[in-house]
Amino acid sequence: MSRTLASALVALVLLAASGAGWPLRAAGMPPAPAPPRRTVAVTVDDLPFVGHGLPLEAIRPLSRALVASLAERRVPAVAFVNEDRLFVPGEVDSRIALLTEWLDAGMELGNHTWGHVGLTRTPLAAMEDAVVRGETVTRWLLERR
């Protein structure tokens, strides 16, 4: 994902959340009542970009572009981590450093399990294990803050 595409995606989310330009009204119609205050939660799933099978060299600029785009616009976000994808031989420290960059930019991290298991297809004991195993690095990073 290029920095331009990341910026465009963030801008689209902000536009949709703001309701800018909606609803349109015809001339002479009374103004619409003020819309209710809305809150949008911006989340990013599957750090470090699990589903794409990308090497670290591809993940690093993608992650940095997304973080920079969110930070420039002061959009708070929560990124959910699949910790099993951190443990790539020779890349563990670099992948954890990417998570630190999210925290340094003011984002939050959350647990998205070990192994990206499916809730409806996973027995309870295995799901509990995936949650517990999936918070080791994330918890350590957050506790250091």
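Please read these numbers as outputs of a predicted model, since none were measured by experiment.
Listed by first and then second residue, the side chain to side chain donor-acceptor pair (under 3.5 Å) pairs involving residues 88-100 are Glu91-Arg95 (not counting sequence neighbours). For the side chain to side chain donor-acceptor pair (under 3.5 Å) condition, the pairs that include at least one residue of residues 118-136, sequence neighbours left out, are Glu135-Arg139. The list of ring pair (Phe, Tyr, Trp, His ring centres under 6.0 Å) pairs with a residue in residues 92-111, not counting sequence neighbours, is empty.
At a cut-off of 3.5 Å, with distance as the only test, a side-chain donor of Asp46 or His112 sits close to an acceptor on the other residue.
Clustering of Ile, Leu, Val, Met, Phe, Trp and Tyr by side-chain heavy atoms under 4.5 Å joins Val117 with Leu119, Met127, Val131. Phe80 belongs to a hydrophobic cluster whose other members, connected by ILVMFWY side-chain contacts under 4.5 Å either directly or through intermediates, are Val78.
The hydrophobic cluster containing Leu142 does not contain Val132, counting ILVMFWY residues as joined when their side-chain heavy atoms lie under 4.5 angstrom apart, directly or transitively.
Residues Asp84 and Thr113 fail the side-chain proximity criterion, which asks for heavy atoms closer than 4.5 Å. In this structure, Val88 and Leu56 have side chains that are not in contact, with every pair of non-hydrogen atoms separated by 4.5 Å or more. Taking 4.5 Å as the limit, every side-chain heavy atom of Val137 sits out of range of all side-chain heavy atoms of Val81.
Here the closest heavy-atom approach between residue Pro48 and residue Ile59 is recorded as O-CD1, 3.5 Å. The two residues Ala79 and Leu47 make their nearest non-hydrogen contact at CB-CD1, 3.1 Å. In terms of heavy atoms, Ala105 sits closest to Val67 at CB-CG1, 3.3 Å. Here the closest heavy-atom approach between residue Asn111 and residue Gly134 is recorded as OD1-O, 3.2 Å.
Considering CD1 of Ile96 and CD of Glu101, their distance stands at 13.0 Å, rounded to 0.5 Å.
Under the side-chain contact (heavy atoms from CB on, under 4.5 Å) criterion, Arg144 pairs with Trp140, Leu141, sequence neighbours left out.
Within a 6.0 Å radius of CZ in Arg145, other residues, nucleotides and ligands contribute more than 12 heavy atoms.
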